[in-house]
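We use all heavy atoms of the structure for the numbers below, so side chains are in, but hydrogens, waters and symmetry mates are not. It should be emphasised that the depicted structure is a prediction, and the values quoted were computed from it without experimental measurement. Numbering of ligands and ligand atoms starts at 1, following listing order.
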Amino acid sequence: MANSFGITVSRHIMDSQRLHPEATGELSGLLSELIVAAKTISAEVNMAGLADILGMSGKTNIQGEKVKKLDEFANNTIKRRMASCGYICVMTSEEEADIIPVADGCEGKYTLAFDPLDGSSNIDVNVSIGTIFSIHRRKSADKPPSQGDEADLLQKGSAQIAAGYIIYGSCTMMVFSTGEGVHGFTLDPSVGEFYLSHPDMKIPEKSKYYSVNEGNRRYWADGVRSYIDYLKEEDKATGRPYSARYIGSLVSDFHRNLITGGVFIYPCDSKDPTKPYGKLRLLYEAAPLAFIVEQAGGRAITDDGVRITDIIPDSLHQRVPLVIGSKHDVDMFEKFMNGKKEKK
Ligand code: AHM
Ligand code: MG
């Protein structure tokens, strides 16, 4: 880490683009604009307790959830900055029903999907929250600049050009991948720069932590219940029992598991018949984090074993069951769901 200290995120992005002579600098420009938005949100999150921005905005979002003021601030910050940055042709946000057009004359070749403030139910209690983003090249990148459409956004996760998140915690960190490993940057608030602090992040292959909302146990499939019971059994040889770690803020749970190892599960459940696929959204949460975890050596699947990054979205706000984290632990989950538990 000491060798990397002092490398700013902008320099890191430019250095990696230099390895690609065909690069036009547009992706670097896009990421730089997102970083400015992230710094703006970070400053507001840090001031939230003082700036009368906690609490509800009085609105309800597309998911039927009450919108917090900070959610709205984060959404507007990203939307406004990115609409005129000149690098994207269309956006979609977890907070908005429809696609978000860009400013006329600013159409670029990329698309952006984002969750402006994930885990926002935790805002008022000072728990870490985050922004998640996903970037694709538009489907018809060769046509003259024009507004993108929904089809440009409904692409599978494996086609992402870049994905990442910014976590607003005890410090602000940005973790992202452009398909060449995962790198983490920590914001030095005194100079307003992100510095490379976690180069080439790898998730431990096997962990001792699981993250799941056990309050939903009665609504799970038998295989999910058996797997969690298995993790709680005592067996020193396989490092069990595992410990439970659940913040209820996906970016935070994911970030911890990326560093320490762990498996996060939000499975299908029968709690609400209108939401049979759990709670998390494919475009804004599952696919970008799946891209990151795969780049870090882990796995991300649905609870019936489909690779998250292979799913072709059928709608902007599609929900998907998610099992994500250390490879061994996701493999083991899959065996339970297939009824093929190994007795060891
Ligand atoms: P949000 O995008 O509205 O904040 O909702 C997603 C959040 C995730 O951060 C977290 O993993 C999950 O909801 C927690 O859900 P639950 O409270 O059902 O455990
Ligand atoms: Mg979210």
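At under 3.5 Å, a nitrogen or oxygen of D118, whether backbone or side chain, sits near a nitrogen or oxygen of ligand 1. The shortest N or O to N or O distance between S249 and ligand 1 is not under 3.5 Å. Not a single N or O atom of V251, backbone or side chain, sits closer than 3.5 Å to an N or O atom of ligand 1. Of the N or O atoms in L280, none lie within a sub-3.5 Å distance of an N or O in ligand 1.
Ligand 1 places these atoms under 4.0 Å from at least one heavy atom of R281: 1 (P), 2 (O), 3 (O), 5 (O), 6 (C). Atoms of ligand 1 found under 4.0 Å from any heavy atom of G248, numbered from 1 in the order shown, are 9 (O), 10 (C), 14 (C). Of all atoms in ligand 1, listed by their number and element, those nearer than 4.0 Å to a heavy atom of Y246 are 14 (C), 15 (O), 16 (P), 19 (O). Every atom of ligand 1 with a heavy atom of E285 under 4.0 Å away is listed here by number and element: 2 (O), 6 (C). For ligand 1, the atoms sitting less than 4.0 Å from at least one non-hydrogen atom of Y266 are 15 (O), 16 (P), 18 (O), 19 (O), numbered in the order shown with element in parentheses. Within the listing of ligand 1, atoms 5 (O), 12 (C), 13 (O), 14 (C), 15 (O), 16 (P), 17 (O), 18 (O) sit less than 4.0 angstrom from a heavy atom of K279.
Considering just the N/O/S atoms of D118, the one nearest the Mg ion (ligand 2) carries the name OD1. The atom of E94 nearest to the Mg ion (ligand 2) is OE1, with the search restricted to N, O or S atoms.
For an aromatic pair to be called close, the ring centres must be under 6.0 Å apart, and Y210 with F264 fails this. Separation of the H183 and H12 ring centroids falls under the 6.0 Å cut-off.
Only the side chain of D115 comes within 4.0 Å of ligand 1, judged by heavy-atom distances. Heavy atoms of F264 found under 4.0 angstrom from ligand 1 belong exclusively to the side chain. When heavy-atom distances to ligand 1 are checked against a 4.0 Å cut-off, N213 comes that close only through its side chain, counted from C-beta outward.
A pairwise comparison of heavy atoms in R319 and G278 identifies CD-O, 3.4 Å as the closest pair. Taking every heavy atom of both residues into account, R245 and D253 meet most closely at O-OD1, 3.6 Å. Residues G239 and Y242 share a closest heavy-atom pair of O-CD1, 3.7 Å. The shortest heavy-atom contact between C89 and S146 is CB-O, 3.6 Å.
The residues K109 and E26 are annotated as salt-bridged, a charged nitrogen and a carboxylate oxygen being separated by less than 4.0 angstrom.
Under the 30°/60° scheme for interplanar angles, the aromatic rings of Y230 and Y227 are found to lie parallel.
When rounded to 10 degrees, the angle formed at the Mg ion (ligand 2) by OE2 (E285) and OD2 (D115) equals 110°.
Two residues are said to be in side-chain contact when any heavy atoms from C-beta on lie closer than 4.5 Å; E150 and V90 fail this criterion.
Between S121 and ligand 1 there is no heavy-atom distance shorter than 4.0 Å. The closest approach between Y284 and ligand 1 stays at or above 4.0 Å for every heavy atom of the residue.
In this structure, the side chain of S326 engages the main chain of P204 through a donor-acceptor pair within 3.5 Å.
In this structure, the separation between OG1 on T8 and CG on D188 is 12.0 Å, given to the nearest 0.5 Å.
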